[in-house]
Peer 1: 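Just passing along the structure, written as structure tokens.
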Amino acid sequence: MNKKFYITCAIPYVNAAPHIGHALEFVQGDVIARYHALLGEDTLLLSGGDENALKNVQAAEKAGVPVHKFIDDNTKKFLELTTALGCRFDVWQKGSDQEHHFVASQKLWQLCDKAGDIYKKSYEGLYCVGCETFYTADELDENGECFEHPGKKLEKVSEENYFFRLSKYQKQIIDLISKDKLKIIPDTRRNEVLSFLKQPLQDISISRSNARAKNWGVPVPGDDSQRMYVWFDALNIYQSGIGFGWDEKQYEKWWPADVHVIGKGISRFHAVYWPAFLLSAGLATPKSIFVHGYFTVNDQKMSKTLGNVIDPFELIKKYGADALRYYFLREIPSSADGDFSERRFKELYNSDLANGLGNLIARVAKLAENNNVLIKNDQSDEINSLWNDVQPIVESFRFNEALSLIWGAVTGLDRYINNERPWQKELSDDSKKLSNYVVITNAVNQIISIAQVLKPFLPETAKKILDQFKGPTIKSQPPLFPRLT
RNA sequence: GCCAGGGUAGCUCAGUGGUAGAGCAGCAUCUUCAUAAGGUGACGGUCGUGGGUCCGACCCCCACUCCUGGCACCA
């Protein structure tokens, strides 16, 4: 049986349309998945919708649309984005899916309950009626009022909720992370989590009253008056999507996750809460968590109020999916924050895609055509030396370095062609003709190697190149990446 | 406020106790197979500020300053 590799991307809120931050994460997950698939592993890439948050209900009410419809409409946009980006998700698990996700989450709850880790306690907090949300003191303005509803006093409300004994698992989690059994990448995030774990953990509330949850979300088993707190069920999408609670055989095959790909804002939920729930339930913990950064736009934070939220669909329409993928993977350090600017995007597009890769393909194709080069390469996914060099870099998620290495090969091939000058036309000289032929054949083979390695990063482009150089004859074709002006 | 990481050529970044590196942009030059593309070369930095250790620091220590992130029941 093949080795398996299970990757997840974080489950986004579906209370608004996706932005480029989502796109970045989808692409990173997709690269990892495609890479492992190329290694011949059984690969599964999953994401889904965090649909049980109260915010979704509120957003739907604001839009005047039934919650289910609201969520389904937004989900559609997320799915369209994955397709437009050329990302191959195997599963998109909806949080509102009762048949699978509710069943799975109730099972997780029951396992934690059986372990004695769930108990009832009354919770007291400041409740804003306008927002229908609890706030902590530091989330309020100087008058102790919420920013959305100034002038409105918050109510002290107390409510019985279920709590989870997070404190019980502190030592085990520290052990998992410090021994890299749960590997957190990069180190800065790992250190952050470990330093957070130096303080005593408090138990967390994992349910809400029906009234407060507006009867939305996963019902707590055995208590009709409560719904699960979103993070308890949301993280469990990683399990419910692969059969937990409804197809044990499938679940056995895929769990535990090999990598959770997430944004830096939610590392604690994944590195602390999630392993705690799993330990309590007696289930395996994920093997690693890869944490990426956030986007700034022209060096400013992305925000709706600034109006600088970038729509990934527009960029794809304008420049193509692979161009956007290239920007994400090459320009954004894979585990740190990155900036997006259209100026920089065009710069990179022209220098690397149009002048670099695209032009190289065009010149070699034309040389091969002019010299009637015949290719008898079978183009199997053979291992080449470039692939060997790229492999360890991809496995540590340093996509920008991997691409930089591949572009070194592009430049190297340009240099080789310049030095050998295989366009010289002294065709009367047979030995010259032969040497041209050899040089061009070498170049074609090198291009095929480059295209093979590009498969996980720029799948559409890799395919186009491999098709063009499939042989036996090679024809010149329109540019892969027309130069931008 | 506390903790962590960072401030190196116009831009994105790499770097080591011993006279500063790459890519991109700009400039010059060679070449024409190619998307006015490709090759080569030069130009370009008092390596955040001020001290200290050392024969010698961008790399070690101290102070300051600016940026980013984390500091839980917020998703």
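Here the structure is a predicted model, which is why all the values come from computation and not from measurement. Labels below follow one simple rule: chain letters A, B, ... track the order of the sequence lines, proteins then strands, and each chain is numbered from 1.
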Peer 1: Using the C1' atom as the point on both nucleotides, what is the distance between B/C60 and B/C13, in whole Å?
Peer 2: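 So the two C1' atoms sit 24 Å from each other.
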Peer 1: Taking the nucleotide of RNA chain B with the nearest heavy atom to each, does A/Ser195 or A/Ile417 sit closer to the 5' end?
Peer 2: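 Its nearest nucleotide lies further toward 5', so the answer is A/Ser195.
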Peer 1: Starting from the 5' end of RNA chain B, give me the residue, A/Glu331 or A/Val364, whose nearest nucleotide shows up first.
Peer 2: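 Final value for this comparison: A/Glu331.
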Peer 1: Could you state the NZ-P distance from A/Lys366 to B/C33, rounded to the nearest angstrom?
Peer 2: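 One finds 10 Å between P of B/C33 and NZ of A/Lys366, rounded.
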Peer 1: Given the side-chain rings of A/His292 and A/Phe399, with only the six-membered ring counted for Trp, is the space between their centroids under 6.0 Å?
Peer 2: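 That pair fails the under 6.0 Å test.
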Peer 1: Mind calculating the distance between CZ (A/Phe269) and P (B/C71) to the nearest angstrom?
Peer 2: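 Going from A/Phe269 (CZ) to B/C71 (P), I get 9 Å.
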Peer 1: Taking B/G50 as the reference, what is the distance to B/C58 when you measure between their P atoms (whole Å, please)?
Peer 2: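 Looking at atom P only, B/C58 and B/G50 are 12 Å apart.
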Peer 1: Rounded to whole Å, how long is the line connecting atom NZ of A/Lys464 with atom P of B/U35?
Peer 2: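 Taking atom P of B/U35 as the reference, NZ of A/Lys464 is at 16 Å.
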Peer 1: Please report the distance separating the P of B/C61 from the corresponding atom of B/G21, rounded so that it comes out in whole Å.
Peer 2: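 Rounded to whole Å, the distance is 25 Å.
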Peer 1: In whole Å, what separates the P atom of B/U29 from that of B/A20?
Peer 2: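 That atom pair is separated by 30 Å.
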Peer 1: Base, sugar-phosphate, or nothing: which does A/Tyr229 touch, judged by heavy atoms less than 4.0 Å apart?
Peer 2: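 Since only primed, P, OP1 and OP2 atoms lie under 4.0 Å of A/Tyr229, the category is sugar-phosphate.
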Peer 1: Ion pair present between A/Arg190 and A/Asp180, side-chain N to carboxylate O less than 4.0 angstrom?
Peer 2: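 Judged by the 4.0 Å cut-off on N to carboxylate O distance, A/Arg190 and A/Asp180 do form a salt bridge.
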Peer 1: Over all heavy atoms of both residues, which pair between A/Ala16 and A/Phe78 is shortest? Give the atoms and the distance, please.
Peer 2: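 Closest pair (atom of A/Ala16, atom of A/Phe78, distance): O-CE1, 3.3 Å.
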Peer 1: Rounding to an integer number of angstrom, what distance separates B/U12 and B/G56 when you compare their C1' atoms?
Peer 2: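 Between the two C1' atoms, the distance is 32 Å.
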Peer 1: Looking only at the side chain of A/Leu166 (C-beta and beyond, no hydrogens), which of the listed nucleotides B/G38, B/G69, B/A72 gets closest?
Peer 2: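 Closest of the options to the side chain of A/Leu166: B/A72.
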Peer 1: Given the structure, check if the side chain of A/Asn359 and the base of B/G38 hold any donor-acceptor pair shorter than 3.5 Å.
Peer 2: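 Result: no qualifying N/O pair found.
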Peer 1: From C-beta outward on A/Phe481, which listed nucleotide comes closest to its side chain: B/G39, B/A72, B/U35?
Peer 2: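 For A/Phe481, the side-chain atoms sit closest to B/U35.
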Peer 1: Defining pairs by Watson-Crick or G-U wobble geometry with both distances under 3.5 Å, how would you list the stems of RNA chain B with at least three pairs each?
Peer 2: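 Stems found: B:1-7 with B:65-71, B:10-13 with B:21-24, B:27-30 with B:38-41, B:48-52 with B:60-64.
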Peer 1: A/Tyr416: what forms a side-chain contact (heavy atoms from CB on, under 4.5 Å) with it, not counting sequence neighbours?
Peer 2: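 Counting only residues at least two positions away or on another chain, A/Tyr416 forms a side-chain contact (heavy atoms from CB on, under 4.5 Å) with A/Leu413, A/Glu420, A/Val439, A/Asn442.
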Peer 1: Please give the distance between the C1' atoms of B/U46 and B/U31 as a whole number of Å.
Peer 2: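 Those two atoms are separated by 40 Å.
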Peer 1: If you check the A/Ile204 side chain, which of B/U31, B/C73, B/G69 turns out closest?
Peer 2: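 Of the candidates, B/C73 comes closest.
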Peer 1: Which part of the nucleic acid does A/Trp407 contact within heavy-atom distance under 4.0 Å: base, sugar-phosphate only, or nothing?
Peer 2: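 Nothing: the residue A/Trp407, judged by heavy atoms under 4.0 Å, touches no strand.
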Peer 1: Look at all strands and tell whether A/Asp203 reaches a base, only sugar-phosphate, or nothing, counting heavy atoms closer than 4.0 Å.
Peer 2: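 The residue A/Asp203 makes base contact.
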Peer 1: Can you tell me which nucleotide in B/C74, B/C73, B/U32 comes closest to the side chain of A/Arg268?
Peer 2: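 Between B/C74, B/C73, B/U32, the one nearest the side chain of A/Arg268 would be B/C74.
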Peer 1: Touch check for A/Pro200, heavy atoms < 4.0 angstrom, all strands: base, sugar-phosphate only, or nothing?
Peer 2: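 If one applies the 4.0 Å heavy-atom cut-off, A/Pro200 turns out to touch a base.
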Peer 1: Starting from P on B/C24, measure out to OH on A/Tyr326 and report it in whole angstrom.
Peer 2: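 Rounded to the whole Å, the gap is 10 Å.
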Peer 1: For A/Leu484 and B/A25, what is the distance between atoms CG and P respectively, to the nearest whole Å?
Peer 2: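 So the two atoms are 13 Å apart, to the nearest Å.
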Peer 1: In this structure, which one of A/Val67, A/Ile237, A/Ile71 forms a side chain to side chain contact (heavy atoms under 4.5 Å, CB included) with A/Glu51?
Peer 2: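 Only one option passes, and that is A/Ile71.
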Peer 1: Taking only Lys NZ, Arg NE, NH1 and NH2, and the carboxylate oxygens of Asp or Glu, determine whether A/Glu347 and A/Arg344 approach each other closer than 4.0 Å.
Peer 2: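 Looking at A/Glu347 and A/Arg344, the cut-off is met.
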Peer 1: Among B/G38, B/C73, B/G69, which nucleotide sits nearest the side chain of A/Gln202?
Peer 2: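 Nearest nucleotide to the side chain: B/C73.
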Peer 1: With a 4.0 Å cut-off on N to O distance, would you call A/Asp72 and A/Lys76 a salt bridge?
Peer 2: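 A/Lys76 and A/Asp72: not salt-bridged.
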Peer 1: Indicate, with a heavy-atom threshold strictly under 4.0 Å, whether A/Ile440 touches base, sugar-phosphate, or nothing.
Peer 2: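 No contact.
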Peer 1: Could you check A/Tyr327, A/Tyr326, A/Trp407 and say which one makes a side chain to side chain donor-acceptor pair (under 3.5 Å) with A/Asp352?
Peer 2: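 Exactly one candidate clears the test, A/Tyr326.
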Peer 1: Taking B/G41 as the reference, what is the distance to B/C24 when you measure between their P atoms (whole Å, please)?
Peer 2: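 Per the computed distance, 13 Å lies between those P atoms.
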Peer 1: Please write out each protein N/O paired with an N/O of nucleotides 40-42 of chain B under 3.5 Å, distance rounded to 0.1 Å.
Peer 2:
{"unit_1": "B/U40", "atom_1": "OP1", "unit_2": "A/Arg415", "atom_2": "NE", "d": "2.9"}

Peer 1: State which of B/C73, B/G39, B/U35 makes the closest approach to the side chain of A/Pro479.
Peer 2: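 From the listed options, B/U35 comes nearest.
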Peer 1: Rounded to whole angstroms, how far apart are NE2 on A/His292 and P on B/U68?
Peer 2: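 Value for this atom pair: 20 Å.
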Peer 1: Pick base, sugar-phosphate or nothing for A/Leu480, based on heavy-atom distances below 4.0 Å to the nucleic acid.
Peer 2: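 Base, at least one base atom sits under 4.0 Å.
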Peer 1: Flag the pair A/Asp73 and A/Lys77 as a salt bridge only when some basic side-chain nitrogen lies within less than 4.0 angstrom of an acidic carboxylate oxygen.
Peer 2: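 Not counted as a salt bridge, because no side-chain N and carboxylate O are separated by less than 4.0 Å.
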Peer 1: From CG of A/Asn191 over to P of B/G69, roughly how many Å is that when rounded to an integer?
Peer 2: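 Rounded to whole Å, this separation is 17 Å.
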Peer 1: Got a sec: does the NZ of A/Lys120 have more than 12 other heavy atoms crowding it under 6.0 Å?
Peer 2: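 It does: A/Lys120 NZ has more than 12 such atoms within range.
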Peer 1: For A/Lys264 and B/C71, give me the distance from atom NZ to atom C1', rounded to whole Å.
Peer 2: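 Going from NZ in A/Lys264 over to C1' in B/C71 covers 15 Å.
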Peer 1: Hey, does A/Ala354 reach any base, or is it just sugar-phosphate, or nothing, if we go heavy atoms under 4.0 Å?
Peer 2: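 The residue A/Ala354 makes base contact.
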Peer 1: Using a strict 4.0 Å threshold on nitrogen-to-oxygen distance, state whether A/Lys264 and A/Glu192 make a salt bridge.
Peer 2: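 Salt bridge flag = no for A/Glu192 with A/Lys264.
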Peer 1: Are more than 12 heavy atoms, taken from residues, nucleotides or ligands other than A/Lys183, located less than 6.0 Å from that residue's NZ atom?
Peer 2: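 Not more than 12 within 6.0 Å, no.
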Peer 1: Using the C1' atom as the reference point in each nucleotide, state the distance between B/G15 and B/A9 in Å, no decimals.
Peer 2: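 Pairwise C1' distance, B/G15 against B/A9, rounds to 14 Å.
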Peer 1: Identify which nucleotide among B/G38, B/C71, B/C24 has an atom closest to any side-chain atom of A/Glu347, counting heavy atoms from C-beta outward.
Peer 2: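 Given the options B/G38, B/C71, B/C24, the side chain of A/Glu347 is closest to B/C24.
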Peer 1: Considering only side-chain heavy atoms of A/Tyr273, which listed nucleotide, B/C73, B/G38, B/U35, is closest?
Peer 2: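 Looking only at side-chain atoms, A/Tyr273 lies closest to B/C73.
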